[in-house]
Amino acid sequence: MRAIKKIAVLTSGGDAPGMNAAIRAVVRSCIYYETAVYAIRGGYQGLIEGNVKELNVRSVSKILGRGGTILKSSRSEEFRTFEGRQKAFDVLKKHNIDALVAIGGDGTFAGAHQFYQDFNIPIIGIPGTIDNDLPNTDYTIGFDTATNTVTECIDKIRDTANSHNRLFFVEVMGRDSGYIALKTCISSGAIAVMLPERKLEIKELIQILRKGYQNKKTSSVVVVAEGNPNGGAYEVAQKVKEHTTDYDTKYTILGHLQRGGDPSCFDRILASQMGVAAVEGLLDNRKDVMVGVINNNIEYTPLIECVGVHNPIDEELLRISKILSI
Ligand code: F6P
């Protein structure tokens, strides 16, 4: 007799392109392995409120290529409390659900680990966040699509920057991680990147800009991570203006458009791999772990080793960005 007969899936925290592909993979592999599968709508808050529905193989048709999450998402304050988690557990018990797949980021996994500790309910996490700020996986679902979106946006900004010989500060998401900023600095040929992990002083930035203009650059883009200690794109643009009036300066905050859009091929495949691995992991009695893909191999890492750990910035990419931006 198999221990796990009913699995539920939810998405939590900020949505990311490819979450739907992961939901589809979880649902289809449950059905493939003759396991009942349930959707929880609205993340942990939805679970607390009993928002549970059984799915069938067709429930996830035509969602592979759609952005957002069909299950909706939330950041639940109530789930942070024991009473909230007790209500959530009671809902799972009511539906005889044996295990849970939680798709999200750091906060989602912190909640999942606590839930497992409280009630011993088998849970596997799938990393879904545009930030790519989780350890123990090379990539998180949504990062590739978001960085493609940012690259496309900066290419467009560059057209107008070139036409007017302007300096643009472009702010990108990532919370306290500079991964999106660093990758898109290289992919868009920006002159500099301002990261949360490495404070670039305004005076240093001005030196970089001056050198670029001495080297006959006529326009430039600086990518600013939202967690940059000198402030976002607006603040940095103001500070540069306080020091010098040499540049015709503009700023753009890309904001939530980075989270939307159809997932890239890479994100669809990553999400599909991880969704299948999550179900196979649960059926194999794994619990309290996150699925990761490292060097194209599936790895399961205890959730506790995946929360509150800052993914260090890629020093090699930072070095490359400096060489190429002269
Ligand atoms: O974690 C994904 C993310 O988009 C971060 O990059 C950003 O800081 C945050 O979520 C924004 O959250 P919200 O949509 O709740 O404002």
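Throughout, residue positions are numbered sequentially from 1 according to the sequence presented. Values below: every heavy atom of this structure, side chains too, minus hydrogens, waters and symmetry copies. All figures in this text were calculated on a predicted structure; none of them were measured in a lab. Numbering of ligands and ligand atoms starts at 1, following listing order.
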Engineer: Show me the donor-acceptor pairs within less than 3.5 Å that the side chains of residues 271-284 make with the rest of the protein, sequence neighbours left out.
Structural biologist:
{"residue": "Ser272", "atom": "OG", "partner": "Arg268", "partner atom": "O", "Å": "2.6"}
{"residue": "Glu280", "atom": "OE2", "partner": "Tyr33", "partner atom": "OH", "Å": "2.4"}

Engineer: Which heavy atom of the protein is the closest neighbour of atom 12 (O) of ligand 1, given with residue, atom name and distance?
Structural biologist: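 Answer, as residue, atom name and distance: Arg75 NH2, 3.0 Å.
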Engineer: With sequence neighbours left out, write down each residue that passes side-chain hydrogen bond (donor to acceptor under 3.5 Å, both in side chains) with Thr184, or none if nothing qualifies.
Structural biologist: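 Checked Thr184 against side-chain hydrogen bond (donor to acceptor under 3.5 Å, both in side chains); zero matches.
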Engineer: Just jot down the ligand 1 atoms closer than 4.0 angstrom to any heavy atom of Glu226, in number order.
Structural biologist: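 Heavy-atom distances to Glu226 below 4.0 Å select 5 (C), 6 (O), 7 (C), 8 (O).
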Engineer: Tell me if the centroids of the rings in Tyr139 and Phe266 come within less than 6.0 Å of each other.
Structural biologist: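 Centroid distance Tyr139-Phe266: below 6.0 Å, so yes.
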Engineer: Would you check whether Gly14 has a nitrogen or oxygen atom less than 3.5 angstrom from a nitrogen or oxygen atom of ligand 1?
Structural biologist: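 Such a contact does not occur with ligand 1.
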Engineer: For atom 6 (O) of ligand 1, what is the closest protein heavy atom, and at what distance to 0.1 Å?
Structural biologist: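 Scanning the protein heavy atoms, the shortest distance from atom 6 (O) of ligand 1 goes to Asp131 OD1, 2.7 Å.
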Engineer: Can Gln258 be said to touch ligand 1, with heavy atoms closer than 4.0 Å?
Structural biologist: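 Per 4.0 Å heavy-atom rule, Gln258 does not contact ligand 1.
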Engineer: Can Arg80 and Glu77 be said to form a salt bridge (charged side-chain N to carboxylate O under 4.0 Å, His left out), step by step?
Structural biologist: CA-CA 5 Å; Arg80 291 175 190 272; Glu77 282 306 315; 3.4 Å; yes
Engineer: Could you walk me through whether Val224 and Tyr251 pass the side-chain contact (heavy atoms from CB on, under 4.5 Å) test, one step at a time?
Structural biologist: CA-CA 10 Å; Val224 183; Tyr251 73 94; over 6 Å; no
Engineer: Run the numbers for me: atoms of ligand 1, each under 4.0 Å from some heavy atom of Gly174, listed by number.
Structural biologist: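 Counting atoms of ligand 1 from 1, those under 4.0 Å from Gly174 are 6 (O).
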Engineer: Do the side chains of Asp314 and Lys183 get close enough for a salt bridge, i.e. N-O under 4.0 angstrom?
Structural biologist: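 Looking at Asp314 and Lys183, the cut-off is not met.
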Engineer: How far is atom 9 (C) of ligand 1 from its nearest protein heavy atom, and which residue and atom name does that atom have?
Structural biologist: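 Residue, atom and distance for the closest contact: Arg175 NH2, 3.6 Å.
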Engineer: For ligand 1, which atoms have a heavy atom of His256 less than 4.0 angstrom away?
Structural biologist: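 Near His256, meaning under 4.0 Å from one of its heavy atoms, ligand 1 has 13 (P), 14 (O), 16 (O).
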Engineer: Verify the ring-centre separation between Phe168 and Tyr247: is it less than 6.0 angstrom?
Structural biologist: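 Ring centroids of Tyr247 and Phe168 are no less than 6.0 Å from each other.
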Engineer: Students should be able to answer this: which protein heavy-atom is nearest to atom 10 (O) of ligand 1, and at what distance?
Structural biologist: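 Going by distance alone, atom 10 (O) of ligand 1 is nearest to Arg259 NH1, 3.1 Å.
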